[in-house]
Amino acid sequence: MSRLLSFGCSFTAGAGLIDIYPSSVKTSRFAWPELLGNKLGRSVVNQGKSGIGNLEILNHVLTTKFEPSDIVVIMWSQFVRHDSFRYNLIPIGTRIVEREFLKHNPIEEQWWIDNNRARNWLTIHQCSLYLKSLNIPFVSFMGIVGHNDTLPYPKLDIPNLLTDIKVSDWFIDRALDDDGKGNGHPGIESHKSIANLIYDRIELNG
Amino acid sequence: MARLVTFGCSYVYGYGLSDCYKHSSDNPSKLGWPNMLADRIGYECLNKAIPGAGNFEILITLLDTPLEPDDIVIIGYSYFSRYDRYRLISKSGNGKTIANNRQEHKNMILNMVDNSNYEEKNYWDNWLAIQHGELYLKNKGVKFLCFQNIEDSIKELKPISLVHLTNFWYEGSLVHIDSALDNRHPGIESNKLQCNKIYSKLFEDNQ
């Protein structure tokens, strides 16, 4: 059976959903990649991994062996996590514990925000060009948008980035880790919405 | 007229050659290998090299330069150690070199978060930038050639399988056989030799 490969963070893994909660390392059968794979009649390889940023997603894509019949969907992660991934165990890399990373970084300083934003968009650009060079059908979209992430790096034409899919279009409920204060992962209805939105785009584009 | 578009640091800029030294260095030299090569093949030369640039700045310059389908692009990559000197610090995408001298640069690196693995991080940042440039140029469909222009900055550094480079010329480093007026940068004979090397690679290797 042809495969759907998904890449992303906990929003792709399905963190907080009923079949894996409270695990942060498993992937859920209720997460959008599984739902989308079912609609497309494809087996699913869900590479979603909690806590990862976009440089680590690029690393996952670069280290994946693709098959010609694969399709790929990427949900991009929080921009603030970009530098928490380091290529210090060649070629796999490792992640600095996020809370330690954030504690020591000047994330409130404008130069860091600007530079970090640009590097995220460059990573997204590079990953998209890489998949295009392999002739693998793919789309990507933004999963978590913070207040400093929204301005794309100018002049970058990013192939197959679904800019019209907004987080507000699909984030309609929360998972079991909802703390009642606006924190928590997307719930099952949100995952269904993502699967439907992406399915429509894939169908539209053949 | 079709264009030869070159990117790199002072070695591509031609700093130190007689028309590009001290107070007359606001524009790239016309005597360096980019112009020699452009003249030889009948192309217009657009030299986008920036003295002092690292490979991140070279990548950003490449991405910000409109290219035409019949352009030939040549990138002579710079010292790996310069990568983090350049940061994109404005919403418009314009960046800034934040460390202009060696001590300032050294202090900046020492102050970087988690500098215990700085060298490996820097290694990957550079190779990923080089891969990014290659993917971008392939996608543009232009003819291009990329290499490390400064010999001693690369040594054993070759990317492993994670960075899929298919068009990187590992033997492309400029051979320094004479010096320019500053006694540091390559002189006119070194530039002639580099011009011949690149010409052979571009137009004779596959014949």
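Chain letters run A, B, ... following the sequence lines, proteins first and then strands; every chain starts at 1. Source: prediction; values computed, not measured.
When side chains are defined from C-beta on, H132(B) does not count as touching T123(A), because their heavy atoms never get closer than 4.5 Å.
The neighbour count for K30(B) NZ, taken as heavy atoms of other residues, nucleotides or ligands under 6.0 Å away, does not exceed 12. In the displayed structure, K138(B) atom NZ is contacted under 6.0 Å by more than 12 heavy atoms of other residues, nucleotides or ligands. Counting heavy-atom neighbours within 6.0 Å of K26(A) NZ, excluding the residue itself, gives a total of 12 or less.
Residue pairs satisfying the side chain to side chain donor-acceptor pair (under 3.5 Å) criterion with at least one member in residues 126-139 of chain A, sequence neighbours excluded, are listed as follows: Q126(A)-Q131(B), Y130(A)-H164(B), K132(A)-N139(B).
When all heavy atoms are compared, the tightest approach of N115(A) to F56(B) is OD1-CE2, 4.2 Å.
Atoms CG and CG, on L128(B) and N59(A) in that order, are 8.5 Å from each other to the nearest 0.5 Å.
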**Request:** Determine, stepwise, if the pair L63(B) / H125(A) fulfils side chain to side chain contact (heavy atoms under 4.5 Å, CB included).
**Result:** CA-CA 11 Å; L63(B) 296 175; H125(A) 185 236; 3.9 Å; yes
**Request:** Please assess D125(B) against R119(A) for the test salt bridge (Lys or Arg N to Asp or Glu O under 4.0 Å), listing each intermediate value before the final yes or no.
**Result:** CA-CA 11 Å; D125(B) 279 343; R119(A) 292 192 62 170; 3.2 Å; yes
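Of all residues in residues 33-45 of chain B, none places a non-hydrogen atom less than 4.5 angstrom from a non-hydrogen atom of chain A.
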